[in-house]
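Notes to accompany the following structure.
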Amino acid sequence: MSRTSADQSLARLDRAFYRRDAARVARELLGQRLVHIRDGVRVAGTIVETEAYLGTNDKAAHSYNGRRTARTETMYADGGTVYVFLNYGIHHLFNVVVAHQEEPQAVLIRALEPTEGLAAIRARRPRARQARDLCSGPGKLGAALAIDLSHDGADLVTSASLFIERARQRPLPKRQIIVGPRIGVDYAGEWAAEPLRFHIAGNIHVSGRS
DNA sequence: CCTCTGATCTTCT
DNA sequence: GAAGATCAGAGGG
């Protein structure tokens, strides 16, 4: 299958998509395609699980209480910027900065259904026994796509190697989206109006038990 | 099926 | 010194 660069930029999500609130972007990223090209190898997967992190009032967000450090600086960038941080000193977690500059909101991509570059993904995830183990969690996804701190600050709208393609024109219908509490942040409490984790119903690549 | 734990870096106390 | 937006392996039922 051939594909021109013009086709790719047509399919890519644009700045306006990212310049909206985190819960909405998190919901609408479901079903879209995250792509990373490295050494000429294109690896991609359908986004099946996301979480929204909301600015300075969200105790679970790195930007809580206006916190601004070398690590979290990227959260204050414009919508469409990539925010990568090292979790537990081991895992690279991939986030999309959303909303506008100086308005720290982000969407954590928690799971993908791999669709392209399966050989490369398998090589980067040697301990995965089954297909559902490849990208079913934020740390696994980071390893599978070879995401590291060098990608922090990249621009999904203009980067030649890291971007999100519009795999579907319309958001998924509501009945195919499960909404629930975020994972691993119980300390933050249920403070928002609605839960902030979103995943595609019935998809085996979603993290945790189904 | 489940619970426990080590790995290893940033940030805050 | 401790905890964290995690994962994988070990051990028990």
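Small disclaimer: the values here were computed from a predicted structure and weren't measured. All chains are named by letter (A, B, ...) in the order of the sequence lines, taking the proteins before the strands, and each is independently numbered beginning at 1.
- A salt bridge links A:Glu116 with A:Arg42; the closest basic N to acidic carboxylate O contact falls under 4.0 Å.
- A:Tyr88 has its OH atom 14 Å from the C1' atom of C:dA8, to the nearest Å.
- Backbone-only contact: A:Gly139 has heavy atoms under 4.0 Å from sugar-phosphate atoms and none from a base.
- Salt-bridge annotation for A:Asp21 and A:Arg27: absent, with no side-chain N of the basic residue lying under 4.0 Å from a carboxylate O of the acidic one.
- Backbone-only engagement by A:Arg125 is indicated by non-hydrogen atom pairs under 4.0 Å involving sugar-phosphate atoms exclusively.
- B:dT8 is unpaired under the criterion used here, namely a Watson-Crick or G-U wobble arrangement in which both key atom distances are under 3.5 Å.
- Checked for salt-bridge contact, A:Asp155 and A:Arg15 meet the test: a charged N lies under 4.0 Å from a carboxylate O.
- Nucleotide B:dG6 holds its P atom 15 Å from the NE2 atom of A:His91, rounded to whole Å.
- The distance between atom CD of A:Glu73 and atom C1' of B:dT10, rounded to the nearest whole Å, is 16 Å.
- Under a 4.0 Å N-O distance rule, the pair A:Arg125/A:Asp133 does not qualify as a salt bridge.
- Between the P atoms of C:dG13 and B:dT5, the separation comes to 15 Å (whole Å).
- Using a 4.0 Å heavy-atom distance criterion, A:Leu108 is classed as a base contact.
- Straight-line distance from the CZ atom of A:Phe85 to the C1' atom of C:dA3: 14 Å, rounded to whole Å.
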